[in-house]
Each structure stands twice: as C-alpha cells, then as structure tokens.
Chemist: 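Sharing a structure here in structure tokens format.
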Amino acid sequence: MKKQFIKSLPAVLLLVGAFMVLGGCEEKKESPTPQDIDIIDTTKAVLFKEVLPISADTVIIVNSDDDLKPYCDKTPSFDFTKGSVLFTSGYTASSIFKISVKLTKQDNTNYKCLVDVQEDYTAKPDSWKRCYWVSKKIDPKAKITASINKHH
C-alpha cells in the first residue's frame, strides 16, 4: 500500500500544482480601442430656438423627441431607436470660418467629442449652434467629454 501511495504521489502533486497554476491565472482584459462614430450634419434641417437652454461651449446628446423640444421649434423626423442627436454650441471672439466635429466612443459609457472651431480674422464676435445625427444610439447616462479647440 505504501509503495502504491509513493508511486502515485508525484502524479497527485502534479495534478494539484496544475490546478493551482490554472486557478491563479486571470484573463487580462484589454482596454477598449477608441472608435469613431459616424455623424451627419443636420444643422440646416433644424430650426433652433432663439435662446437655447444650454451654456456656451457645450455638447449635449438628445435621445427622444421630448428631449429635443427645448432646443428646436421645428425639426426633421429623427428615429431615436437607431441613433441620437448631438448638439454643440458656443461663442467665439471672432467670426467663424469653419467648424468640424468628431465623436469617438472610448468605452460603453464614455465618449469624447472634439469640436474644432476655425475663426476668421474679423473682430466681430460670433456664436455657433450645430446639430448632428449620430449613427449609433448613445446611452442617456453616458459621459461626454467635450474638447473645444478655437483657433485662427
């Protein structure tokens, strides 16, 4: 009996060691790769209210017709089951030459929105209001980090 126990001891130790090694291994989760989200400029199709209930240099996500009402008097029909609406607004010290917007999904709850405002060399201060259709539905609880770059 002792010989049989001694012969099987290395196999048992090897098996126990294998379970300990495998049990201690954790699968490393890779951080998500930022993903650009397609957006379509719908500014010309939207009739903004004269005064918007948002502060300057702001980005807002809208996910329903009811949430859209404070910003627009008349709007095209948006299918909020398929996507969201992105509003950007702000002011500049000069007039505006060009505005471009890029939306990037960082992970399931975090987005980064880069608004690039190219100002003209005139001295007339100006404001902007832009509306974009976002091709993917964005969770209303998502956090959007806005980065607004104003330059000549």
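Numbering of residues begins at 1 and proceeds along the displayed sequence.
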Chemist: With sequence neighbours left out, what residues match K129 under salt bridge (charged side-chain N to carboxylate O under 4.0 Å, His left out)?
Modeler: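 K129 satisfies salt bridge (charged side-chain N to carboxylate O under 4.0 Å, His left out) with no other residue.
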Chemist: Checking D126 against S95: is there a side-chain donor and acceptor pair closer than 3.5 Å?
Modeler: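 Side chains of S95 and D126: no pair found under 3.5 Å.
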Chemist: Please name the pair of heavy atoms, one in V62 and one in L68, separated by the smallest distance, quoted to 0.1 Å.
Modeler: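 Shortest heavy-atom contact: CG1-N, 3.6 Å.
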Chemist: Sequence neighbours excluded, which residues qualify as side-chain hydrogen bond (donor to acceptor under 3.5 Å, both in side chains) partners of D79?
Modeler: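 T81.
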Chemist: Nearest 0.5 Å, please: how far is OH in Y71 from NZ in K49?
Modeler: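 Here the interatomic distance stands at 11.0 Å.
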Chemist: Would you say T42's side chain and A45's backbone share a donor-acceptor pair under 3.5 angstrom?
Modeler: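 No.
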Chemist: Working to the nearest 0.5 Å, report the span between CD1 of I138 and CG of N63.
Modeler: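 Going from the CD1 atom of I138 to the CG atom of N63 covers 7.0 Å.
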Chemist: Just by distance, no angles: are the side chains of D36 and T104 close enough, under 3.5 Å, to form a donor-acceptor pair?
Modeler: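 Checked: D36/T104 side chains pair up, N/O donor to acceptor below 3.5 Å.
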Chemist: Among residues at least two apart in sequence or on other chains, which ones pass side-chain hydrogen bond (donor to acceptor under 3.5 Å, both in side chains) with S147?
Modeler: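 Here no residue qualifies.
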Chemist: Are F97 and L114 connected, step by step, through hydrophobic side chains (Ile, Leu, Val, Met, Phe, Trp, Tyr) whose heavy atoms are closer than 4.5 Å?
Modeler: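 No, because F97 and L114 fall into different hydrophobic clusters, even though each may have its own neighbours under 4.5 Å.
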Chemist: Taking the side chain from H152 and the backbone from Q118, do they hold a donor-acceptor pair closer than 3.5 Å?
Modeler: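 Side chain of H152 to backbone of Q118: no pair is present.
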Chemist: When you look at NZ of K136, are more than 12 heavy atoms from neighbouring residues, nucleotides or ligands closer to it than 6.0 Å?
Modeler: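 No, because the 6.0 Å sphere around NZ of K136 holds 12 heavy atoms or fewer from other groups.
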Chemist: What distance do W133 atom CH2 and I39 atom CD1 have between them, rounded to the nearest 0.5 Å?
Modeler: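 Between atom CH2 of W133 and atom CD1 of I39 there are 12.5 Å.
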Chemist: Using the ring centroid of each side chain, check whether F48 and F87 are separated by less than 6.0 Å.
Modeler: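 Judged by ring-centre distance (under 6.0 Å), F48 and F87 do meet the cut-off.
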Chemist: If you measure from CG on L86 to CD1 on I144, what distance do you get to the nearest 0.5 Å?
Modeler: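 If we round to the nearest 0.5 Å, L86:CG and I144:CD1 are 6.5 Å apart.
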Chemist: Taking the side chain from T58 and the backbone from S89, do they hold a donor-acceptor pair closer than 3.5 Å?
Modeler: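 Checking the backbone N and O of S89 against the side chain of T58, no donor-acceptor pair under 3.5 Å is found.
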Chemist: With hydrophobic residues grouped by side-chain heavy-atom distances under 4.5 Å, do V85 and Y132 end up in a single group?
Modeler: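 Shared cluster, no.
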Chemist: Between T43 and D41, is there a side-chain donor-acceptor contact under 3.5 Å, judged purely by atom types and distance?
Modeler: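 The answer is yes; a qualifying pair exists.
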Chemist: Could K150 and D57 be called an ion pair, given the rule that one side-chain N must be under 4.0 Å from one carboxylate O?
Modeler: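 So K150 pairs with D57 through a salt bridge.
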Chemist: SG of C72 to CG of D65: how many Å apart, nearest 0.5 Å?
Modeler: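 C72 atom SG to D65 atom CG measures 10.5 Å (nearest 0.5 Å).
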Chemist: About how many Å separate OG of S94 and NE2 of H151, when rounded to the nearest 0.5 Å?
Modeler: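 One finds 12.0 Å between NE2 of H151 and OG of S94.
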